[in-house]
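As structure tokens, the structure follows; a few thoughts come after it.
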2 protein chains.
Amino acid sequence: MARPPASPSARKAGPVTLGMVAEASGVSPSTVSRILNGTAVVSAEKKAAVDRAIAELGFVPNPIARGLAGGRTMSIGVITQFIDSPFFGVAMRGIEETLSEAHYSALFVSGHWDVEVEQRCIDTLMGRRVDGMIILNGRVGDAALRQLAKQVPTVVTGRSIKAPNVYAMDYDHREGARLATQHLIARGHRDIAHIGGDQSHSDARERLAGYQTALEAAGIPFRPALVECGNYLEEGGRQAAERLLASPQRFTALFAANDQMAMGAAVALHKAGLRVPQDVSLVGFDDLALAMHMTPPLTTVHQASLELGRLTAQALLEMLAGGKPTLKLPEPRLVERDSVAAVARSIGR
Amino acid sequence: MARPPASPSARKAGPVTLGMVAEASGVSPSTVSRILNGTAVVSAEKKAAVDRAIAELGFVPNPIARGLAGGRTMSIGVITQFIDSPFFGVAMRGIEETLSEAHYSALFVSGHWDVEVEQRCIDTLMGRRVDGMIILNGRVGDAALRQLAKQVPTVVTGRSIKAPNVYAMDYDHREGARLATQHLIARGHRDIAHIGGDQSHSDARERLAGYQTALEAAGIPFRPALVECGNYLEEGGRQAAERLLASPQRFTALFAANDQMAMGAAVALHKAGLRVPQDVSLVGFDDLALAMHMTPPLTTVHQASLELGRLTAQALLEMLAGGKPTLKLPEPRLVERDSVAAVARSIGR
DNA sequence: TTGTAGGCGTTATCAG
DNA sequence: CTGATAACGCCTACAA
């Protein structure tokens, strides 16, 4: 009877090597390698013998050696901006899940929204011979990206770029923002303020554009004084809301370009004695896990972050397999919760 | 004039190898290796020549090859439970920062609170020949940990274990919980409910114990009916609060074992028409980034998560350098914000 | 102090 | 179909 395979971490001395498997099953190392990789057809009996030896010895191929031998390292570099981002964190989970199912490991690094840091991350990752790269809303230029893609297949989000060996996936931020604003308009709001993101990011510009589009479609003039920008963080949202509150502008609704800023804005509103949604309606963007647990639960535009992670990983996997991915992100959709109220129609007052 | 070193990612063909550096500087590969690792004393002139060659060629040692050659991989395995945890996310950031300063890379993997998954993570990580391991509140048994530590230095949080090559760091959860409860008591509350965490985790048990300790110290009898447990997630907190609300028990304050559950509880309170803090005071635990941006901003026990990450990494680095770390986590402290109000003394009503 | 040789665990390229 | 043999890029005796 075959002894149950020993857990690798329970092994005593040096790890079981491919060579040991070869010896134990009476074939050459090359044959074992072939079986492992499906590189060539091997006679059934030898394969059986090897498989048994692998199981008995509890052999696990060494990715390091594999990588050195010019083969693949079975690892994928993933660049995010901050590893503790509530939005990208979920995407990373999706990436990790999908990748590990395919026996790949993800190497997560943070670019800190800084081109140079990000470039260094890329260099580090390439030094570790990753087989592919996923860049979540990176800041490096398209040129650097093309350069990178010459070495490994690359999937990027947050930008549209057409280049060999690069697959770009992005949300329709504009449409999402339009939806949010339109929802407010449909509830009777006309004085709608917007807290935008850092306008050097295309997604922030798109969201602003979507806001404008909805306004225009409803025949409401766009008033620049009603938009203040933050940095996509709670604090920035709070400050932007405070500026709005301090200005002479009046508004009955607020559309924040992401949930974190919406959260910050909610605090500012609260401190100013304004209630959500009775005094001002609030809509966010992203649908972070916490959106539904805010008080009141936040109406927001759903971005499938887990899906985003899964799909980017899946796309990369397809490229690694020599295919051409055609995956697309789901359409944005509004999630209605309790932070929006209708404005009372003030007919002929 | 020496040309500026080419960025690795700008290189054309194959990477620059140690051998090429050796050739360019007219020494043997071993000498270059020695200089790189400070393994032996080398004549100043040769060292200068090599250093120059390294700079000119933009040589970066290949960690993969290094790892294979039995040296170190300059990578550290980090096991968390969920990569998108708001609490551990920040800790991971600290780890990444500290490690990268020392030119180490972190390999983050998620154990999903599951012993088997976690064990598989450990095996994967060891397969990748990490030089050390950081396990954030892991679930594997102490035995497995000791076994692991035989192979690489290990730092763990969330448990106390004394073993060779293992360094355990933990917070004083009990004291933190005591502080929170005491604060409520000092504000006049006597009917204080508690939303606990999963009692199979020691930190959750400790926090409950701290709550009891404070009660006892104030001569307030502990009432089991006032404690409901969740899973450290918002949803669990909401449900626990709902159970509490549905029970015949009355309470004027609520101490949640973490901020996420406090957030969920806030929603339940809100839906029940109860205001925080006017109707019920609320205290959390962890001081997540979002605690200060809740409405109202949450009074909570500060756990220095960034510090936690930095210190675990630093401790590991010290072990890697052959030292014995003595680092300790800062004491818990209460952060007062706006979610607690005093109970009006109801004398002789 | 420095160079040579061998090996780390795999994969790839040849012959057979 | 299968087995030698040579890399992969670096480290570490051992020898000089």
Side-chain angles (χ1 to χ4, degrees), chain A residues 8 11 13-50 53-54 57-75 103 126-131 151, chain B residues 8 11 13-50 53-54 57-75 103 123-124 126-131 151:
Chain A
R11 285 191 310 265
V16 181
T17 71
L18 181 149
M20 297 167 67
V21 172
E23 194 174 1
S25 45
V27 302
S28 73
S30 341
T31 300
V32 178
S33 176
R34 285 181 190 109
I35 293 177
L36 250 35
N37 303 285
T39 312
V41 190
V42 181
S43 73
E45 39 185 342
K46 297 211 169 183
K47 173 160 167 46
V50 170
I54 288 179
L57 272 49
F59 166 72
V60 178
N62 180 334
I64 303 284
R66 250 211 252 246
L68 221 214
R72 281 147 298 116
T73 52
M74 300 305 283
S75 60
H103 302 286
M126 290 311 297
R128 291 191 177 273
R129 298 295 182 276
V130 294
D131 297 334
Q151 312 189 48
Chain B
R11 284 193 311 266
V16 181
T17 71
L18 182 149
M20 297 167 66
V21 172
E23 194 175 1
S25 46
V27 302
S28 75
S30 26
T31 299
V32 178
S33 174
R34 286 180 188 110
I35 292 177
L36 250 35
N37 303 288
T39 312
V41 189
V42 181
S43 73
E45 38 185 342
K46 296 211 170 184
K47 175 161 165 46
V50 170
I54 289 179
L57 272 50
F59 166 71
V60 178
N62 180 335
I64 302 285
R66 246 207 251 248
L68 223 212
R72 280 150 297 120
T73 53
M74 300 304 283
S75 60
H103 301 288
D123 290 346
T124 303
M126 291 310 297
R128 293 193 177 272
R129 299 292 183 277
V130 295
D131 297 333
Q151 312 188 48

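Chain A is the first sequence line, chain B the second, and so forth, proteins listed ahead of strands; every chain is numbered from 1.
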Checklist entry - Would you say the base of dG9(C) and the side-chain of Arg129(B) have a donor-acceptor pair closer than 3.5 Å? => result no

Checklist entry - Counting side-chain heavy atoms from CB outward, which of dC10(D), dT5(D), dT11(C) is closest to Ala69(A)? => result dT11(C)

Item to check | Selected nucleotide, minimal atom distance to Thr17(B) side chain, candidates dG3(D), dC10(D), dT11(C) | outcome: dC10(D)

Item to check | Most 5' of Ala65(B) and Val42(B) on DNA chain C, judged by nearest nucleotide | outcome: Val42(B)

Checklist entry - Does any donor-acceptor pair link the side chain of Ser28(B) with the base of dT4(C) at a separation under 3.5 Å? => result no

Checklist entry - Going by atom types only, do Arg72(B) and Asn37(B) share a side-chain donor-acceptor pair under 3.5 Å? => result no

Item to check | Phosphate contact (dT2(C) OP1 or OP2) by Lys47(B) side-chain N/O below 4.0 Å | outcome: no

Checklist entry - In whole angstrom, what separates Glu45(B)'s CD from dT1(C)'s C1'? => result 11 Å

Checklist entry - dT5(D), dT2(C), dC10(D): which one has an atom nearest the side-chain heavy atoms of Arg34(B)? => result dT2(C)

Next on the checklist: Is the phosphate of dT2(C) approached by Thr31(B) (side-chain N or O, under 4.0 Å from OP1 or OP2)?
Outcome noted: no

Next on the checklist: Counting only side-chain heavy atoms from C-beta out, which of dG3(C), dT2(D), dT11(C) sits nearest to Lys46(B)?
Outcome noted: dG3(C)

Checklist entry - In terms of side-chain heavy atoms, does Thr31(A) have a donor or acceptor partner in Ser28(A) at a distance below 3.5 Å? => result yes

Checklist entry - Does Asn62(B) make a side-chain N or O approach to OP1 or OP2 of dC8(D) shorter than 4.0 Å? => result no

Next on the checklist: dT12(D), OP1 or OP2 - any side-chain N/O from Ser33(B) closer than 4.0 Å?
Outcome noted: no

Checklist entry - Just how far, in rounded Å, is P of dT10(C) from CG of Leu68(B)? => result 9 Å

Next on the checklist: Expressed as a whole number of angstroms, how long is the span from Leu18(A):CG to dC8(D):P?
Outcome noted: 19 Å

Checklist entry - Is Arg66(B) near enough to dC10(D) that one of its side-chain N or O atoms lies under 4.0 angstrom from OP1 or OP2? => result no

